[in-house]
Amino acid sequence: MDVLRIGILGIAGVMLALQFKTNKPEYGIYIGFAVSLLIFSFVVSGLSSIFESMGIMENYIGSDGTYFSVLLKVIGITYICEFCSGICRDAGYGSVSSQIEIFGKLSVLAAGMPILLAIIQSIQEIAG
């Protein structure tokens, strides 16, 4: 049911922003930004159930939490960069949006590097 509410909120925000597009385009950007922040706050509030599920999975796996912390970092980087990139793109700054996306991709690569190194080390131990 929350998905329907968020969808309606997004559509209503876009319709309201379109009303200001011709006369006061900056108001449309502000409305879009406010609606985006509101939707993002709903996303953040729903993260507690995901964290609980990940805690249960972590108990089954029995790891020290390294993999899940990297997974959470990667998910956070992805969402934040996508959110910021979308706002920049909507404001008409496509080049800034592209740079944020590139930074996000490189950050995900850097955050996942310890897992890649652990996998390579495990393969090397098995082979050697």
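Computed from heavy atoms alone, side chains included, the values below leave out hydrogens, waters and symmetry copies.
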Pairs flagged by salt bridge (charged side-chain N to carboxylate O under 4.0 Å, His left out) wherever residues 78-98 is involved - sequence neighbours left out: Arg89-Glu101
Separation between CD1 of Ile29 and CD1 of Ile87, rounded to the nearest 0.5 Å: 11.0 Å
Tyr79, OH: over 12 other non-hydrogen atoms inside 6.0 angstrom: no
Nearest heavy atoms of Gly104 and Cys81, plus distance in Å: CA-SG, 3.4 Å
Aromatic plane relationship, Tyr27 with Phe20 - under 30° parallel, 30 to 60° tilted, over 60° perpendicular: perpendicular
Single-linkage hydrophobic cluster Ile39~Val14, side-chain heavy atoms < 4.5 angstrom: no
From Ile31 atom CD1 to Leu16 atom CG, the distance as rounded to the nearest 0.5 Å: 4.0 Å
Test side chain to side chain contact (heavy atoms under 4.5 Å, CB included) applied to Phe83 and Val43, step by step: CA-CA 11 Å; Phe83 178 74; Val43 169; over 6 Å; no
Exceeds 12 heavy-atom contacts within 6.0 angstrom, atom CZ of Phe40: yes
Verify same cluster id: Phe33, Val44 (apolar side-chain graph, 4.5 Å): yes
Leu38 to Leu9 - nearest heavy-atom pair and separation: CD2-CD2, 3.5 Å
Check: Tyr93 main-chain N/O paired with Ser97 side-chain donor or acceptor under 3.5 Å: no
Pairs of donor and acceptor atoms involving the side chains of residues 105-128, under 3.5 Å and at least two apart or interchain, shall be tabulated with distances.
{"unit_1": "Ser107", "atom_1": "OG", "unit_2": "Phe103", "atom_2": "O", "d": "2.9"}
{"unit_1": "Ser122", "atom_1": "OG", "unit_2": "Ala118", "atom_2": "O", "d": "3.0"}

Least distance between heavy atoms, Cys88 atom then Val96 atom: SG-CG1, 3.8 Å
Nearest-0.5 Å distance, OH of residue Tyr30 to NZ of residue Lys24: 10.5 Å
